[in-house]
Amino acid sequence: MWTDAMQAIIESSRDIGWIMEPEAKRLMSLYGIEIPPYAWVRSHAEVKAAAEQLGFPLAAKVVSPKVVHKSDVGGVAVGIDTLEVLMEVFERFSKIDGFLGMHVEAMAKGVELIIGSVVDRQFGPVVLLGIGGTSVEIYKDTAVRMAPITERDVADMVDSLKGRALIQGYRGGTVVSMDHLSHLLVNFSHMVMDLEGQIASIDLNPVIASENACVIADARIMLAGDGKA
């Protein structure tokens, strides 16, 4: 499964110690993990072309090797619904330290989940699933399994969550597709197994899950400092 294209993404990111979002999402797409349609734009002409291709509403995030936490520097904008606003966001982001462009992607609707992985010194790569979004640090409602995982593991992880009703359609809400969620998590677990020894952690938050998709809305991949787990 591991390819030269995947390794090239890792190698090109070693100097900064983490994989910037456009490349992190490209890596995941190579594993068959669903991501929103997106573009990495570096000029006004590319901004316009991306808007025409992706449509509105859009989310935009700064791309900079010096910015790991984009929201801390005002490097995130969501619900953008006109080209004029998108251009204004691009101009604002261009003033952020280390600016290398803007990540623009189609917005998705659904239940916000968090998926992640760390390389445990004793057990190796582990996979985390939880209720995501801004409340994740408050409720800490998560389930963890050793990688690789199976569809049965995914079902068990969901059943162990206190907020599982949100995934199952609480009060007429979105019923998350277990097929799509299982596909994402199983493929993700194979990815982290392949990356063992090269990553420190992966944080996907939020993952937008619905009845017909589970897409990665934000991704952060931190590399191991010495290239070893």
- Do you know which two heavy atoms are closest between G163 and I131, and how far apart they sit? O-CD1, 3.6 Å
- Message: Check whether T142 reaches the backbone of L129 with its side chain - one donor and one acceptor, N or O, closer than 3.5 Å.
- Response: no
- Gap separating the CD atom of E84 from the OG1 atom of T82, nearest 0.5 angstrom: 5.5 Å
- Query: Hey, quick one: are L86 and F99 part of the same hydrophobic cluster, counting side-chain heavy atoms closer than 4.5 Å, chains of contacts allowed?
  - Reply: yes
- Task: State yes or no: do I35 and I115 share one hydrophobic cluster built from I, L, V, M, F, W and Y residues joined by side-chain heavy-atom distances below 4.5 Å, directly or via other members?
- Result: yes
- Query: Heavy-atom count around D4 CG within 6.0 Å, excluding the residue itself: above 12?
  - Reply: no
- Query: How close do I221 and A24 get, heavy atom to heavy atom, and via which atoms?
  - Reply: CD1-CB, 3.9 Å
- side chain to side chain contact (heavy atoms under 4.5 Å, CB included) assessment of E91 paired with E88: CA-CA 5 Å; E91 286 299 316; E88 291 173 354; 5.7 Å; no
- Note on the structure: When every non-hydrogen atom of Q168 is compared with those of V175, the smallest separation belongs to O-CG2, 3.8 Å
- Task: Measure the spacing between OG of S117 and CD of E196 and express it to the nearest 0.5 Å.
- Result: 9.5 Å
- Task: Could you tell me whether the side chain of V63 reaches within less than 4.5 Å of the side chain of F93, counting heavy atoms only?
- Result: no
- What's the spacing between S13 OG and Q198 CD if we round to 0.5 Å? 11.0 Å
- Item | Heavy-atom check, side chain of I19 versus side chain of I10, under 4.5 Å | yes
- Message: Determine whether C214 and V176 satisfy the following criterion, side chain to side chain contact (heavy atoms under 4.5 Å, CB included), listing intermediate values before the conclusion.
- Response: CA-CA 8 Å; C214 287; V176 172; 4.3 Å; yes
- Query: If you measure from the Lys or Arg side-chain nitrogens to the Asp or Glu carboxylate oxygens, is any gap between E52 and K48 under 4.0 Å?
  - Reply: yes
- Task: Look up atom CG in L223 and atom CH2 in W18, then write down how far apart they are to the nearest 0.5 Å.
- Result: 10.5 Å
- Look at the side-chain heavy atoms of Ile, Leu, Val, Met, Phe, Trp and Tyr, link any pair under 4.5 Å apart, and say whether M6 and L204 land in one connected group. yes
- Evaluate the side-chain proximity of P125 to M146: yes if any heavy-atom separation is below 4.5 Å, no if none is. no
- Query: Is there a path from I96 to V47 through hydrophobic residues (I, L, V, M, F, W, Y) whose side chains come within less than 4.5 Å of each other?
  - Reply: yes
- So does Y170 have more than 12 non-hydrogen atoms from other groups sitting under 6.0 Å from OH? no
- Query: Is any side-chain heavy atom of L185 less than 4.5 Å from a side-chain heavy atom of I149?
  - Reply: yes
- Item | Test item: D156 side-chain N/O and D153 main-chain N/O as donor-acceptor pair under 3.5 Å | no
- Message: Give me each pair satisfying ring pair (Phe, Tyr, Trp, His ring centres under 6.0 Å) with a member in residues 20-48, each pair once, sequence neighbours excluded.
- Response: Y38-H103, H44-F90
- Task: Rounded to the nearest 0.5 Å, what's the gap from CE on M178 to CD1 on I167? Could you check?
- Result: 7.5 Å
- Item | Pairing residues for S210 by the side chain to side chain donor-acceptor pair (under 3.5 Å) criterion, not counting sequence neighbours | N212
- Does R42 offer a backbone N or O that forms a donor-acceptor pair with the side chain of E46 under 3.5 Å? yes
- Donor-acceptor contact below 3.5 Å, side chain S189 vs main chain P148: no
- Query: Does a side-chain heavy-atom distance below 4.5 Å link M28 with E34?
  - Reply: no
- Residues R92, V89; criterion side chain to side chain contact (heavy atoms under 4.5 Å, CB included); working and verdict: CA-CA 5 Å; R92 176 161 57 85; V89 170; 4.1 Å; yes
- Item | Test side chain to side chain donor-acceptor pair (under 3.5 Å) applied to D179 - qualifying residues, sequence neighbours left out | none
- Message: Does this structure show an ion pair linking D218 with K70, if we count only N-O contacts that are shorter than 4.0 Å?
- Response: yes
- Shortest non-hydrogen contact from S12 to I9? OG-O, 3.0 Å
- Query: Which residues pass the side chain to side chain donor-acceptor pair (under 3.5 Å) test with H180, sequence neighbours left out?
  - Reply: S177
- Item | E151: side chain to side chain contact (heavy atoms under 4.5 Å, CB included) partners, not counting sequence neighbours | S182, V186
- Message: Do V158 and I208 sit in one hydrophobic cluster, given that two such residues count as connected whenever their side-chain heavy atoms are within less than 4.5 Å of each other, even indirectly?
- Response: no
- With F188 via ring-ring contact (aromatic ring centres under 6.0 Å, His included) - residues at least two apart: none
- Are R220 and E21 within salt-bridge range, i.e. N to O under 4.0 Å? no
- Task: May I ask you to decide whether D141 forms a salt bridge with R164, counting only side-chain N to carboxylate O separations under 4.0 Å?
- Result: no
- Message: Contact between E112 and L166 at the side-chain level, heavy atoms closer than 4.5 Å - yes or no?
- Response: no
- Message: Less than 4.5 Å apart, side chain to side chain, heavy atoms only: is that true for V119 and L195?
- Response: no
- How far apart are the closest heavy atoms of V192 and A147, and which atoms are they? CG2-CB, 4.0 Å
- Would you kindly say whether H183 and N187 are connected by a side-chain donor-acceptor distance under 3.5 Å? yes
- Item | Side-chain (K61) to main-chain (V78) donor-acceptor, under 3.5 angstrom | no
- Query: Tell me, do M102 and V62 make a side-chain contact under 4.5 Å, heavy atoms counted?
  - Reply: no
- Once you round to the nearest 0.5 Å, how far does CG of L54 lie from CD of E105? 9.0 Å
- Nearest non-hydrogen partners of M157 and A143, listed with the distance: CE-O, 3.4 Å
- Message: Is there a side chain to side chain contact (heavy atoms under 4.5 Å, CB included) between D97 and V67? Walk through the geometry before answering.
- Response: CA-CA 8 Å; D97 190 24; V67 179; 5.6 Å; no
